Each structure stands twice: as C-alpha cells, then as structure tokens.
Amino acid sequence: MSAQPSGHLDKIQISPTGYAHVPGACVHYPDKPLEEAGWGWVHDVTANMWTGIAEHSPLRAAEGNTALSATRRCSHCARRIDLP
Ligand SMILES: [Zn+2]
C-alpha cells in the first residue's frame, strides 16, 4: 500500500505496545482480528499526523481499543510509506 495523492493514509493501526503501523506495509500483525487482539486504529490519517507521531505527541486510536495511543512509528512501515 502506498500513500494517497492527497497525502492521506486510509488507515493506521495501533498495536498494544504503542506502535503505529500502516496496513500491508509490514508483517507485524496479530493472527487474529485486530479488535480481538486488542489493537486500535484511526481512519483518514494525514501525512502530518503520521510523521508527527512521537512520545510527546501520541496519536490516539479512534476505533477498536480506544485506550491505545501510538507514540512510535513502526520503522518498516515508515520506510515503506513515502509521503510528500
Ligand atoms: Zn509496521
């Protein structure tokens, strides 16, 4: 999966360990449905939201496990996603 021309990502998935992943960009996924595995996710993420994920500016899950916030980007996903 690649970034949309608008610089938006359709969805970011947040692991219980606080990592943000882009669907299809890496292999760090549970072998059961995300909801069952306790993951959270956010739809329509802007390039700035993705690149801005950090300890001091976490991205909160909007669906699924909404208690989760991403504070780090998966390095595999970050390399795969080429945002403007
Ligand atoms: Zn990843």
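Position 1 is the first residue of the sequence; numbering continues from there. Predicted model, so just to flag it, every value in this text is computed and none were measured.
The two atoms that bring A37 and P16 nearest to each other are O-CG, 4.0 Å, heavy atoms only. A pairwise comparison of heavy atoms in R72 and I53 identifies N-CG2, 3.6 Å as the closest pair. Contact record, T71 with P58: CG2-CB, 3.8 Å, taken as the closest heavy-atom pair. Between H8 and T46, the shortest heavy-atom contact is NE2-CG2, 3.5 Å. Closest non-hydrogen pair, L59 versus M49, comes out as CD1-CE, 3.7 Å. For G40 against A61, the heavy-atom pair with the smallest separation is CA-CB, 3.8 Å.
Contact of the W39 side chain with the I14 side chain is not registered, since no non-hydrogen atoms from C-beta on lie closer than 4.5 Å. Looking at W50 and I12, their side chains come closer than 4.5 Å, going by heavy atoms from C-beta outward.
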Candidate pair T51 and R73, rule side chain to side chain contact (heavy atoms under 4.5 Å, CB included), full reasoning
CA-CA 8 Å; T51 56; R73 286 181 299 154; 4.2 Å; yes
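L34 contributes atom CG, which lies 10.5 Å from atom CD of E36 (distance to the nearest 0.5 angstrom). For the atom pair K11 NZ and W41 CH2, the distance stands at 6.0 Å (nearest 0.5 Å).
V22 and V42 end up in the same hydrophobic cluster when Ile, Leu, Val, Met, Phe, Trp and Tyr side chains are linked at under 4.5 Å.
Aromatic rings of Y19 and H28 (six-membered ring for Trp) have centroids beyond the 6.0 Å cut-off, not under it.
In summary, of the residues considered (R79, R80, H21), a side chain to side chain contact (heavy atoms under 4.5 Å, CB included) with C26 occurs for H21 alone.
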